[in-house]
Amino acid sequence: MRDVRIQKVLAEQGVCSRRAAEQLIREGRVKLNGRPVSVGDKMDTAKDLLSVDGQKIYVPRKQEKYYYMMHKPRGYITTTNDERGRKTVMDLLGDDVKARVYPVGRLDKDSEGLLLLTNDGEFANLLTHPSHGVSKLYRVTVRPHATEDQIIALTDGVVLDDGSKTLPAVIRIVTDEPERTVMEMTIREGKNRQIRRMCEAVGLDVIRLRRSALGAVKLGMLQPGQYRELTKQELVALRTAASRGKTTATIAKNTERNAARRKPAADHGPRAPKGAVAAKKKYAGRSR
């Protein structure tokens, strides 16, 4: 395929995300036919030779797409490899996985639950791009007992340690005990360690975190460490959720922009009659 952006090729081959690919390019670690490239450069995947840190990136002419869901256990890193030698989710995949897939999004080492893996870069970008806002359902156990004020704050959105504010969350209390609270939280963002940081912002410590659903796709009875291919219906549901999320975000953004435009102007006192204004313009600059 001709004229394909290099960062897109790297993302589709599971090397890294598009944003990370742009950083690799800026650092001079990506070469095309032996020469360093710039962000935005394109390539012919059928002819050009692409490499990162001297290692060739194989780009198949026709690539069959694969989509899996996994129940990530605690203790595993969500990455294709780890420089420190820690266990990664790739270690859980067997020989029945016929392609080089990579994780869609992240779950931190101490979290568990639903994780998608694919070799389809466009699909991965569709689900992880902030503008699409696919809902994510988490089962969260916190301590101490969550107060009503803390729940309301999480629902409204909280300011994180980096100064950014989260979007409103949907919360349902599952278990409410003197020393702990179990709740289900639904968010539409994907900030790094977002649930844990949200809870920390209101004084709660997360002791267990499991992602139960992504859009309409649920973890179900899949056991920790197990995985399976997504069904066609699940793929359609995820793509539909991403499309709806982008539409909803666009509508909300336009509504906010229009509201700002309709905001009343500052009151500078009573206005002069139209005739007086016209007369002022007409005789402006004339000498008496």
Side-chain angles (χ1 to χ4, degrees), residues 1-68 70 72 75-93 97-111 115-134 160-164 189-194 196-197 242 246 249:
M1 185 181 297
R2 297 181 180 180
D3 297 332
V4 183
R5 291 186 183 275
I6 292 174
Q7 57 262 39
K8 179 180 178 182
V9 175
L10 292 175
E12 289 183 344
Q13 299 312 310
V15 177
C16 55
S17 67
R18 291 193 190 189
R19 185 173 299 178
E22 292 176 357
Q23 184 60 35
L24 291 177
I25 292 173
R26 292 189 184 96
E27 294 172 357
R29 298 165 61 184
V30 182
K31 293 184 179 181
L32 186 66
N33 301 323
R35 296 182 179 181
V37 300
S38 300
V39 175
D41 284 356
K42 299 179 181 180
M43 66 176 290
D44 185 340
T45 56
K47 297 180 180 179
D48 292 329
L49 176 62
L50 184 65
S51 63
V52 177
D53 294 335
Q55 294 189 353
K56 178 182 176 181
I57 305 301
Y58 175 68
V59 184
R61 293 187 178 182
K62 186 176 181 180
Q63 186 181 49
E64 188 173 355
K65 307 299 184 183
Y66 291 91
Y67 311 87
Y68 294 90
M70 171 188 287
K72 175 197 170 300
Y76 283 79
I77 305 297
T78 307
T79 185
T80 53
N81 55 72
D82 183 67
E83 296 178 353
R84 296 164 57 183
R86 294 173 295 180
K87 296 182 294 185
T88 76
V89 293
M90 309 308 292
D91 298 329
L92 300 169
L93 299 177
V97 177
K98 303 175 183 179
R100 183 176 181 271
V101 297
Y102 50 90
V104 178
R106 290 182 178 273
L107 279 175
D108 62 50
K109 180 181 177 182
D110 296 324
S111 300
L115 179 70
L116 302 184
L117 301 103
T118 185
N119 62 342
D120 185 343
E122 291 186 3
F123 176 77
N125 185 62
L126 184 70
L127 294 183
T128 56
H129 198 281
S131 66
H132 293 150
V134 178
L160 301 180
D161 46 16
D162 61 358
S164 63
E189 298 174 284
K191 298 179 186 294
N192 182 39
R193 300 180 69 254
Q194 180 169 338
R196 295 182 185 276
R197 293 165 65 198
K246 186 172 184 178

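What you see is a predicted model, and the numbers here were worked out from it, not measured in a lab.
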**Q** For residues Val97 and Tyr68, report the shortest heavy-atom separation together with the two atoms involved.
**A** CA-OH, 3.6 Å
**Q** Could you tell me the separation between the CD1 atom of Ile77 and the CG atom of Leu107, rounded to the nearest 0.5 Å?
**A** 11.0 Å
**Q** Pairs in or reaching into residues 28-40: which pass salt bridge (Lys or Arg N to Asp or Glu O under 4.0 Å), with residues at least two apart or in two chains?
**A** Glu27-Arg29, Arg29-Asp53
**Q** Quick one: list whatever passes salt bridge (Lys or Arg N to Asp or Glu O under 4.0 Å) with Arg196, sequence neighbours left out.
**A**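 Arg196 satisfies salt bridge (Lys or Arg N to Asp or Glu O under 4.0 Å) with Asp108 only.
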**Q** Which distance, rounded to the nearest 0.5 Å, do you find between the OG1 of Thr45 and the CG of Asp3?
**A** 10.0 Å
**Q** Holding to salt bridge (Lys or Arg N to Asp or Glu O under 4.0 Å), I want the full list of residues that pass it with Arg26, two or more places apart in sequence or in another chain.
**A**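 Residues passing salt bridge (Lys or Arg N to Asp or Glu O under 4.0 Å) with Arg26: Glu22.
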**Q** Taking side chain to side chain contact (heavy atoms under 4.5 Å, CB included) as the definition, give me every residue that meets it alongside Thr80, ordered by chain and number, with sequence neighbours left out.
**A**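 With neighbours one apart ignored, the set is Met90, Tyr102, Pro103.
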**Q** Using only atom types and a distance under 3.5 Å, with no angle test, would you say the side chain of Arg106 pairs donor to acceptor with the backbone of Thr78?
**A** yes
**Q** How close do Met70 and Leu117 get, heavy atom to heavy atom, and via which atoms?
**A**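 That would be CB-CD1, 3.8 Å.
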**Q** Among all residues two or more places apart in sequence or in another chain, which pass the side chain to side chain contact (heavy atoms under 4.5 Å, CB included) test with Lys65?
**A** Gln63, Tyr67, Asn119, Asp120
**Q** Give me the atom names and distance for the closest heavy-atom approach of Ser164 to Lys191.
**A** OG-NZ, 3.9 Å
**Q** Could you pull out all residues at least two apart from Arg197 that satisfy side-chain hydrogen bond (donor to acceptor under 3.5 Å, both in side chains)?
**A** Asp161, Asp162
**Q** State, to 0.1 Å, how close Cys16 and Leu24 come at their nearest heavy-atom pair, and which atoms those are.
**A** SG-CD1, 3.8 Å
**Q** Taking all non-hydrogen atoms of both residues, which atom of Ala21 and which atom of Leu10 are closest, and how far apart?
**A**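 So the minimum-distance heavy-atom pair works out to CB-CD1, 3.8 Å.
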**Q** Does Ile25 have any side chain to side chain contact (heavy atoms under 4.5 Å, CB included) partners at least two apart in sequence or in another chain, and if so, which?
**A**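 Result, side chain to side chain contact (heavy atoms under 4.5 Å, CB included) vs Ile25: Ile6, Gln7, Val30, Val37, Val39.
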**Q** Of all the heavy-atom pairs spanning Thr118 and Ala124, show the shortest one and how long it is.
**A** CG2-CB, 4.3 Å
**Q** Side chain of Asn125, backbone of Glu122: donor and acceptor closer than 3.5 Å?
**A** no
**Q** Who are the side chain to side chain contact (heavy atoms under 4.5 Å, CB included) partners of Asp48, not counting sequence neighbours?
**A**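 For Asp48, the residues satisfying side chain to side chain contact (heavy atoms under 4.5 Å, CB included) (neighbours in sequence not counted) are Leu32, Asn33, Met43, Asp44.
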**Q** Please, which pairs that meet salt bridge (Lys or Arg N to Asp or Glu O under 4.0 Å) have at least one residue in residues 75-85, sequence neighbours excluded?
**A**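 Listed by first then second residue: Asp82-Arg86.
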**Q** Quick one: does Lys72's side chain have a donor or acceptor within less than 3.5 Å of a partner on Tyr76's backbone?
**A** yes
